[in-house]
There are 2 protein chains.
Amino acid sequence: MKDQFKKHISRYVEFNDTEINEIFSKLTQKTFKKKDYLLKEGQICKSNYFLTSGLVRSFYLDHKGNEKITQFALENWWVTNMESYIKSVPSYSSIQAIEKTTVLIIDKIELEKLFRTIPKLERYFRMITENMLIAIQRRNDIYLQMKSKDRYDDLIHNFPVFAQRVPQYMIASYLEITPEYLSELRKK
Amino acid sequence: MKDQFKKHISRYVEFNDTEINEIFSKLTQKTFKKKDYLLKEGQICKSNYFLTSGLVRSFYLDHKGNEKITQFALENWWVTNMESYIKSVPSYSSIQAIEKTTVLIIDKIELEKLFRTIPKLERYFRMITENMLIAIQRRNDIYLQMKSKDRYDDLIHNFPVFAQRVPQYMIASYLEITPEYLSELRKK
DNA sequence: CTTAATGATTAAGGTATCTTAAGAAATAAG
DNA sequence: CTTATTTCTTAAGATACCTTAATCATTAAG
């Protein structure tokens, strides 16, 4: 667990063992069952979650009460509701386990203390945030112009694991189409 | 100019005059005429731009050769192509002045040096990046589900300045609809 | 002032995608 | 094994949005 975490961090910034241990001492491990919530709509998100195993989704309810999935996250991904976490406002979305999922939790207050004692950690999170921004920008820019069929093909090409581990109707939601129409598209 | 920049930075992190001066000494000022390019598709984006006045757009060409606008930026906004800047890969989008625009330019290499000598600056950029992420996530999450009419209303409500300073067909492009259809919508 | 270039509107017909509703198919639970 | 629950498919009619093409309005250029 610690190794997995260290390995991931080391892809961005090098820490010595003392630093890793200090960081690690602030982490809490927790396991969620399928359908359990890491974060519920309306709560203030006070933590950042590092998945060591499993699969989660972020979603919110639109004005008609339909669930809109905005993100999936897998092993070695960080997940949080950025807006709620940064601004300490109630989250408009929920984070829910699609499979049994184990996470390392870092509290915002603890993390900010760590930033003071280990400035390199701030670098790591800046880089992580930049990468999230790039990914989300790509989704934004590219997906918006694509036809649904192309978005679906793109998704299962780049993340075949989703097609295997996520029910179709959730993929439809993520692609912003109805399950019925996705079913149509898959026939082609 | 320096005051404007200092004022903006101070909203996030406090710097003393020595620090501000060191940062400021690495900035280059430049003015672009209307339709000039800050960055052209295919180039590697090596700088981050802080607008002190004016208005720019980011756009790319889709497979049919149509311009797709993905972002506007105004006074006191940072703009860059994040993917190209971070990964040093050719940019798939261009940044172009819609009005005469003046910017402060910080070179990536200089900025990274500054991060070492002034760690607080890294905090500032982490926070800026987080805010960009929040903004773009909101656009992503909310806009995707909205009907075009609602997106348009939302835009001119939250950024009335765009309706004044940006031609309608560019707003249509940003909203991912045709100018013809936007014209339809406005009649209602 | 006149012409050229740019931006905005209108209308007709077409296509992508949604809605609703019903019924298979697959998986989980008793 | 049987029933209940969850997930996937099919089909018909409705609607949001696009395409093309023409006309009008505004701003920039000679």
Side-chain angles (χ1 to χ4, degrees), chain A residues 32-37 54-57 59 61-69 72 96-100 142-156 160-188, chain B residues 32-37 55-57 59 61-69 72 94 96-100 142-156 160-188:
Chain A
F32 294 88
K33 282 182 300 187
K34 187 174 175 174
K35 295 198 179 172
D36 275 358
Y37 286 85
L55 175 56
V56 305
R57 62 174 183 144
F59 70 95
L61 300 178
D62 72 7
H63 53 99
K64 288 185 187 166
N66 298 316
E67 294 179 354
K68 296 279 179 177
I69 295 177
F72 297 111
Q96 187 190 34
I98 294 180
E99 306 171 351
K100 183 182 171 198
I142 307 301
Y143 271 31
L144 262 173
Q145 66 140 335
M146 282 182 170
K147 294 279 143 79
S148 307
K149 180 73 167 72
D150 296 328
R151 273 183 277 157
Y152 178 71
D153 292 342
D154 187 90
L155 181 70
I156 58 174
V161 67
F162 287 149
Q164 291 150 18
R165 290 163 68 180
V166 176
Q168 218 112 88
Y169 75 94
M170 287 192 187
I171 290 185
S173 172
Y174 179 74
L175 295 175
E176 295 284 338
I177 55 179
T178 58
E180 293 85 353
Y181 189 54
L182 178 54
S183 184
E184 278 281 298
L185 291 176
R186 279 163 48 83
K187 278 198 302 193
K188 298 176 188 171
Chain B
F32 294 88
K33 281 181 301 183
K34 187 174 175 174
K35 295 198 177 171
D36 275 359
Y37 285 85
L55 174 56
V56 306
R57 63 174 183 144
F59 69 94
L61 299 178
D62 72 8
H63 53 99
K64 288 184 188 166
N66 299 316
E67 295 179 354
K68 297 278 181 179
I69 296 177
F72 297 111
S94 301
Q96 187 190 35
I98 294 181
E99 307 170 352
K100 183 183 172 198
I142 306 300
Y143 271 31
L144 263 173
Q145 66 138 336
M146 282 183 171
K147 296 278 143 84
S148 307
K149 180 71 166 74
D150 296 329
R151 273 182 278 158
Y152 178 70
D153 292 343
D154 188 89
L155 180 70
I156 57 174
V161 67
F162 287 150
Q164 292 150 18
R165 290 164 67 181
V166 176
Q168 217 113 90
Y169 76 96
M170 288 192 184
I171 290 184
S173 172
Y174 179 74
L175 295 175
E176 295 284 337
I177 54 179
T178 58
E180 293 85 354
Y181 190 55
L182 177 55
S183 185
E184 278 280 300
L185 291 176
R186 278 163 48 83
K187 278 198 300 191
K188 297 176 189 171

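Proteins get letters first, then strands, A, B, ... in listed order; numbering begins at 1 in each. Everything quoted here is computed from the prediction, not taken from an experiment.
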Next on the checklist: Mind checking if B:E184 touches a base, just sugar-phosphate, or nothing, with heavy atoms under 4.0 Å?
Outcome noted: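 Since no nucleic acid heavy atom lies under 4.0 Å of B:E184, the category is nothing.
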
Checklist entry - How would you label the contact of A:Y169 with the nucleic acid (heavy atoms, under 4.0 Å): base, sugar-phosphate, or nothing? => result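 Here A:Y169 touches the backbone only, sparing every base.
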
Integer-rounded Å distance: [N] [atom2] and [X] [atom1]:
| X | N | atom1 | atom2 | answer |
| --- | --- | --- | --- | --- |
| A:L182 | D:dT7 | CG | C1' | 12 Å |
| A:D150 | C:dA16 | CG | C1' | 12 Å |
| B:M146 | D:dT15 | CE | P | 22 Å |
| B:K33 | D:dA28 | NZ | P | 15 Å |
| B:L185 | C:dT9 | CG | C1' | 13 Å |
| B:Y152 | D:dA16 | OH | C1' | 18 Å |

State which of [options] makes the closest approach to the side chain of [X].
| X | options | result |
| --- | --- | --- |
| B:R151 | D:dA21, D:dT10, D:dC17 | D:dC17 |
| A:Y181 | D:dT7, C:dT17, D:dC17 | C:dT17 |
| A:Q168 | D:dT9, C:dA16, D:dC17 | D:dT9 |
| B:I177 | C:dT6, D:dC18, C:dA16 | D:dC18 |
| A:E180 | D:dA16, D:dA11, C:dT10 | D:dA11 |

Item to check | Contact summary for A:D62 and A:K68, nearest pair of heavy atoms | outcome: OD2-CE, 3.1 Å

Next on the checklist: For B:I171 versus B:F162, what's the shortest heavy-atom pair and its separation?
Outcome noted: CD1-O, 3.8 Å

Checklist entry - Does the A:S173 side chain pair with the main chain of A:E67, one donor and one acceptor, at a distance under 3.5 Å? => result yes

Using a cut-off of strictly less than 4.0 Å, decide whether [X] has a side-chain nitrogen or oxygen near OP1 or OP2 of [N].
| X | N | answer |
| --- | --- | --- |
| B:S183 | C:dA8 | no |
| B:R186 | C:dT9 | yes |
| A:T178 | C:dT17 | no |
| A:K187 | D:dT10 | yes |

Checklist entry - Is there a side-chain contact between B:F32 and B:V56 (heavy atoms, below 4.5 Å)? => result no

Next on the checklist: Test side chain to side chain contact (heavy atoms under 4.5 Å, CB included) on B:Y174 and B:R57; report intermediate values, then the result.
Outcome noted: CA-CA 10 Å; B:Y174 179 74; B:R57 63 174 183 144; over 6 Å; no

